[in-house]
There are 6 protein chains.
Amino acid sequence: MTKLTHLDDQGHAHMVDVSDKAITVREARAYAEVVMLPETLQMITSGGHKKGDVLAVARIAGIQAAKRTSELIPLCHPLMLTKVSVELEPDVEKSAICITTLCRLSGQTGVEMEALTAATVAALTLYDMCKAVDKGMVITQVKVLEKKGGKSGHWIIEG
Amino acid sequence: MTKLTHLDDQGHAHMVDVSDKAITVREARAYAEVVMLPETLQMITSGGHKKGDVLAVARIAGIQAAKRTSELIPLCHPLMLTKVSVELEPDVEKSAICITTLCRLSGQTGVEMEALTAATVAALTLYDMCKAVDKGMVITQVKVLEKKGGKSGHWIIEG
Amino acid sequence: MTKLTHLDDQGHAHMVDVSDKAITVREARAYAEVVMLPETLQMITSGGHKKGDVLAVARIAGIQAAKRTSELIPLCHPLMLTKVSVELEPDVEKSAICITTLCRLSGQTGVEMEALTAATVAALTLYDMCKAVDKGMVITQVKVLEKKGGKSGHWIIEG
Amino acid sequence: MTKLTHLDDQGHAHMVDVSDKAITVREARAYAEVVMLPETLQMITSGGHKKGDVLAVARIAGIQAAKRTSELIPLCHPLMLTKVSVELEPDVEKSAICITTLCRLSGQTGVEMEALTAATVAALTLYDMCKAVDKGMVITQVKVLEKKGGKSGHWIIEG
Amino acid sequence: MTKLTHLDDQGHAHMVDVSDKAITVREARAYAEVVMLPETLQMITSGGHKKGDVLAVARIAGIQAAKRTSELIPLCHPLMLTKVSVELEPDVEKSAICITTLCRLSGQTGVEMEALTAATVAALTLYDMCKAVDKGMVITQVKVLEKKGGKSGHWIIEG
Amino acid sequence: MTKLTHLDDQGHAHMVDVSDKAITVREARAYAEVVMLPETLQMITSGGHKKGDVLAVARIAGIQAAKRTSELIPLCHPLMLTKVSVELEPDVEKSAICITTLCRLSGQTGVEMEALTAATVAALTLYDMCKAVDKGMVITQVKVLEKKGGKSGHWIIEG
């Protein structure tokens, strides 16, 4: 029967043993969006390079958070990412900033938690910088888009 | 004109000066939900106390993350929380775990980023523990519910 | 003559060079116990699942601390654990909670410091949660139980 | 009835609300000892100032760990220590290094966890530096010696 | 006689007691410069907003480092900055990027270490981003420019 | 044309992909000096072993900082150092403490940032311990001395 891998037979949390897993290239892409008032979105995107720091700060925060995933998520294995990128795109129709992240390494565990953490912290950082003008922003659609490498092979989100 | 407080006149990011703000009791509540397959939800909630660790781990991860908010969010002020709580409730109708957080302190800045960070990291921790059985989970509806104290007074989300 | 490996010829501390050590599976088990009043022990163990969080919190704290060992112990090498577990067992006769930890990885250095750190921080976390009712608790018998892998081979504590 | 303050009515862990506690000067002293082979103790203490780094490294590790207590112990409040000291004394009769720590601040919570964490991490650091010559060392007698300030007043260990 | 405040009578390091110091507004400004090849400087400054991220990343790294000063510098007190800013200015004549930082808080200790840490880490981050094209860059002139508040009053660098 | 590797085609910062780089032994040496008043230098160096802690504290701080480089420098890859050493030498003629660091590992990226971070934080720690007697100290000549391993081969500073 399928069961939760992070609990032992007595229901106690533990860090799953990956000692015997193969070292393969692993990659994951994740997503988040920050829905905001149209005026807030315009404030971020208008005005040319002077506003550039807003997206740069969120991008850096996401990259740094990916590296700290195993400190934040108690049962995550520590690992050494070989690539992290965080893209932020304004979407006027959704009145949102859409965030897509990519993490990669050669190792024994998947990196979807790292990709999700990068997306989430980039989103929280955007919230922080815009909250003085728009407290009602909502972070939504946080999910894994794609996952490659390891025993479970290639997984891609449906729909 | 309203503008983004975390950018100076040249568009450069900085940590806003709060030296002159009053020290008052400040409080914030935030929310997140993790939508999953009904089978995944049942796996978390069934089985009595042996499954208790799943929710306990997420709760602890959220509390600890609240304390580290200023390390994760680049322009957040360091602060000393005097209370943090993280509640996780299964919602069968939504097929989700609903997370509500509360942060409080007596200080010069609001604590909504801490409440949001607690909710988000608790949600990511749930994802981590259940991802082996359900990769398609989505974290959604991450938002501030309520905010008290400070110059901006009492704010509560609409609707 | 035998000497302290973490000091160079002038008595200066340094991080020992392990560049040429073989990568092998390494494992360590450590132990600690928290001696308390019988009433305190009963408070932790009685009452069914509602008290479950006490041991879960200590377990999680121990697992997380193992991952941060190289930040806490100045001359420890950073490493990537592939398994961590922390078991807590009440012992009525000793009026204590007994903690046993296990760490494992495939790497160039032993993991006994990680196992000891996990045991110690789990013990400190128990102290924290019970100190309001029992300030006189004592953490004792903190030691390595067993160590496998690497040049020094299999070591097990006597007696 | 007395109960564990870090659990709410449902047995869920939370960070206790100290918002209304008085700000007073608080102080705690803690203790730990590292029992070792007489040869190991002699190796640390003989040889004049060239061996000085061993105790200095343990002292610094203890001081730094005190500052990180709230990161290690999940339900500890973050706080700002105004003084930390860590003393290490060889005791030939016990064949041990005895560690005494002192923490102080003006704040809303006690600092015994910080004093205990300093003592414990100093002890672990000693273990780390001497483990190549003595794997059987035991850390023992980790306890709070004294606690001042706050509602519970002056507490001193018996015996 | 004047002596080093961070050592006690036996020459042992400790965290100086500031419990009795007055809480006043304290401020410090620090400086660093990164001297590089003229081509490297041009690569950073030319090309309009597309190169904007280089200076933004260094600025963010400096701000975040200021908040972590007490983790990096063993005997620094933890404190809660209320303002941090990091300015980076190209200086064609010196063929350098000049970094000026400002830290402020209301507290019991000075913030010159925080200002210096911000300047230094911003400089290291610039080095990191440009090292593929210019390994010979030198960080120089790292110093405190000015310090206000506290018992020692207003201090400003000579010359 | 040569360009900054940490920016993509749109000028956005990212963590460079090193997934395909060869694992080789890599090593770097870096340097920094802290120029101070002759009286300050004498205070550090005179007095025999009782002053030993000053240099020991700086040495430990440098070693620990090397391990945290990827947390401080946003686009640095996390890595596992296998050796770190930090040497501090008084230079009466320069009225300075001269710091030389060495980092080594077997991995996919160079370690010059780790060597620079160790040198810089050791220098800042010296500043911290002596600032009560000499606020005008200057950290200068922070640079990479030598770099070995990886595609770019052996690089040594000129002059």
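Reckoned from all heavy atoms, side chains included, excluding hydrogens, waters and symmetry mates. Here is the naming used below: chain letters follow the sequence lines, and residue numbers restart at 1 for every chain.
Closest heavy-atom contact between A:P74 and C:I60: CB-CG2, 3.8 Å. Between A:Q108 and C:T82, the shortest heavy-atom distance links the atoms OE1-CG2, 3.4 Å.
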Stepwise side chain to side chain contact (heavy atoms under 4.5 Å, CB included) test for C:R59 and A:H14: CA-CA 8 Å; C:R59 198 180 296 124; A:H14 65 129; over 6 Å; no
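For a residue to count as touching a neighbouring chain, one of its non-hydrogen atoms must lie under 4.5 Å from one of that chain's; by this rule C:V86 does not touch chain A. Heavy atoms closer than 4.5 Å to chain C are found in the backbone of A:I73, but not in its side chain. Heavy-atom distances place both the backbone and the side chain of A:V18 under 4.5 Å from chain C. Within the 4.5 angstrom heavy-atom criterion, only side-chain atoms of C:E71, from C-beta onward, approach chain A.
Under the 4.5 Å side-chain criterion, counting only non-hydrogen atoms from C-beta, C:K67 is in contact with A:M15. Contact check for A:D8 versus C:E87: side-chain heavy atoms found under the 4.5 Å cut-off.
To the nearest 0.5 Å, the span separating CG on C:L81 from CG on A:D17 amounts to 11.0 Å.
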